[in-house]
Amino acid sequence: TGYYGDGLNAIIVFAACFLPDSSRTDYNYVMENLFLYVISTLELMVAEDYMIVYLNGATPRRRMPGLGWMKKCYQMIDRRLRKNLKSFIIVHPSWFIRTILAVTRPFISSKFSSKIQYVNTLAELREMIPMEYMHIPDSIVKYDEEKCIKRRMRTSCLSNDPEITSMEQE
């Protein structure tokens, strides 16, 4: 959690890599109580505008929340909290997350949909919001570094490819 802007508005950081494994026998119970905890915390913290930063990187599929759980969360958040949400930033979005949001877009309000932003790296996130008061888990930082190294290698391989280099010169 951190704050931004003159009014010290809340930034809620949610790291999916710490969610429980869906193979747990008490998974539904744990997720329901987690949701109730998150909502009660939001209601206490949020008086003004706020944003949610959802850290998706380094999260195995079995730890990602299901569509039903996300739908229930959206429906249970009261109007004031939905209205005061200024941005829902998804860092390191997977194809699965993008697909779920694309499929559910017709069923959620266009106002809420317009608040969703995808960010591919922590550097991009840093350009959008102040991060000095936010704690980013080490596993997310490591995931981001590995992803950036792979991207740089891919870019350098492409720039060393004679076909691509000749296309760029034309």
Side-chain angles (χ1 to χ4, degrees), residues 1-6 8-24 27 30-31 34-35 37-38 41-42 45-46 49-71 73-74 85-105 108 112-170:
T1 305
Y3 294 92
Y4 70 99
D6 296 335
L8 292 179
N9 300 309
I11 300 173
I12 311 301
V13 180
F14 191 83
C17 61
F18 295 129
L19 288 173
D21 194 301
S22 60
S23 65
R24 289 178 60 133
Y27 178 77
V30 171
M31 290 299 282
L34 174 65
F35 171 73
Y37 170 76
V38 168
T41 302
L42 277 176
M45 288 183 64
V46 175
D49 298 344
Y50 72 104
M51 67 175 58
I52 295 175
V53 176
Y54 177 80
L55 302 171
N56 188 63
T59 305
R61 173 69 190 99
R62 67 185 187 279
R63 290 189 185 271
M64 286 188 195
L67 181 58
W69 186 79
M70 287 194 271
K71 181 182 175 191
C73 290
Y74 176 75
L85 177 66
K86 292 302 162 204
S87 186
F88 186 85
I89 302 169
I90 301 172
V91 182
H92 304 124
S94 63
W95 67 269
F96 178 75
I97 292 289
R98 288 179 185 265
T99 302
I100 282 182
L101 289 171
V103 168
T104 59
R105 192 155 279 190
I108 57 178
F112 183 79
S113 292
S114 68
K115 296 174 184 184
I116 298 171
Q117 297 177 282
Y118 296 115
V119 174
N120 293 311
T121 66
L122 293 176
E124 283 180 48
L125 181 63
R126 203 169 282 111
E127 290 174 15
M128 296 171 68
I129 59 173
M131 292 179 53
E132 57 270 11
Y133 302 111
M134 289 176 28
H135 172 71
I136 305 295
D138 292 340
S139 59
I140 302 293
V141 172
K142 185 178 178 193
Y143 176 87
D144 188 73
E145 289 169 354
E146 289 169 0
K147 193 172 177 184
C148 288
I149 289 169
K150 286 179 185 173
R151 186 177 293 123
R152 270 189 241 118
M153 286 175 58
R154 198 169 39 242
T155 304
S156 96
C157 289
L158 289 175
S159 65
N160 290 333
D161 186 326
E163 281 186 31
I164 292 175
T165 307
S166 66
M167 287 186 334
E168 288 174 351
Q169 292 171 352
E170 291 176 0

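In this text, all values refer to a predicted model and were calculated from it rather than measured experimentally.
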*First locate atom CD1 of I100, then atom CE of M64, and finally report the distance between them rounded to the nearest 0.5 Å.*
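Reported to 0.5 Å precision, the distance equals 8.5 Å.
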What closest approach, in Å, do [X] and [Y] show between heavy atoms, and which atom pair accounts for it?
{"X": "Q117", "Y": "S87", "result": "OE1-OG, 2.5 Å"}
{"X": "I11", "Y": "P130", "result": "CD1-O, 4.1 Å"}
{"X": "F112", "Y": "L85", "result": "CE1-CD2, 3.5 Å"}
{"X": "P93", "Y": "Y118", "result": "CB-CD2, 3.5 Å"}
{"X": "S22", "Y": "Y27", "result": "CA-CD1, 3.4 Å"}

*Would you indicate whether the side-chain heavy atoms of N56 and F96 approach each other to under 4.5 Å?*
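When only atoms from C-beta onward are counted, N56 and F96 do not touch, as no gap falls below 4.5 Å.
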*Answer yes or no: is there a side-chain heavy-atom contact under 4.5 Å between M131 and L125?*
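With C-beta onward as the side chain, the pair touches.
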Side-chain ([X]) to main-chain ([Y]) donor-acceptor, under 3.5 angstrom:
{"X": "T59", "Y": "G57", "value": "yes"}
{"X": "R63", "Y": "L19", "value": "yes"}
{"X": "D144", "Y": "L122", "value": "yes"}

*Who are the ring pair (Phe, Tyr, Trp, His ring centres under 6.0 Å) partners of Y54, not counting sequence neighbours?*
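Y54 satisfies ring pair (Phe, Tyr, Trp, His ring centres under 6.0 Å) with F14 once adjacent residues are dropped.
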*Any residue meeting side-chain contact (heavy atoms from CB on, under 4.5 Å) with Y143, in chain and number order, not counting sequence neighbours*: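 Result, side-chain contact (heavy atoms from CB on, under 4.5 Å) vs Y143: A58, H92, K147.
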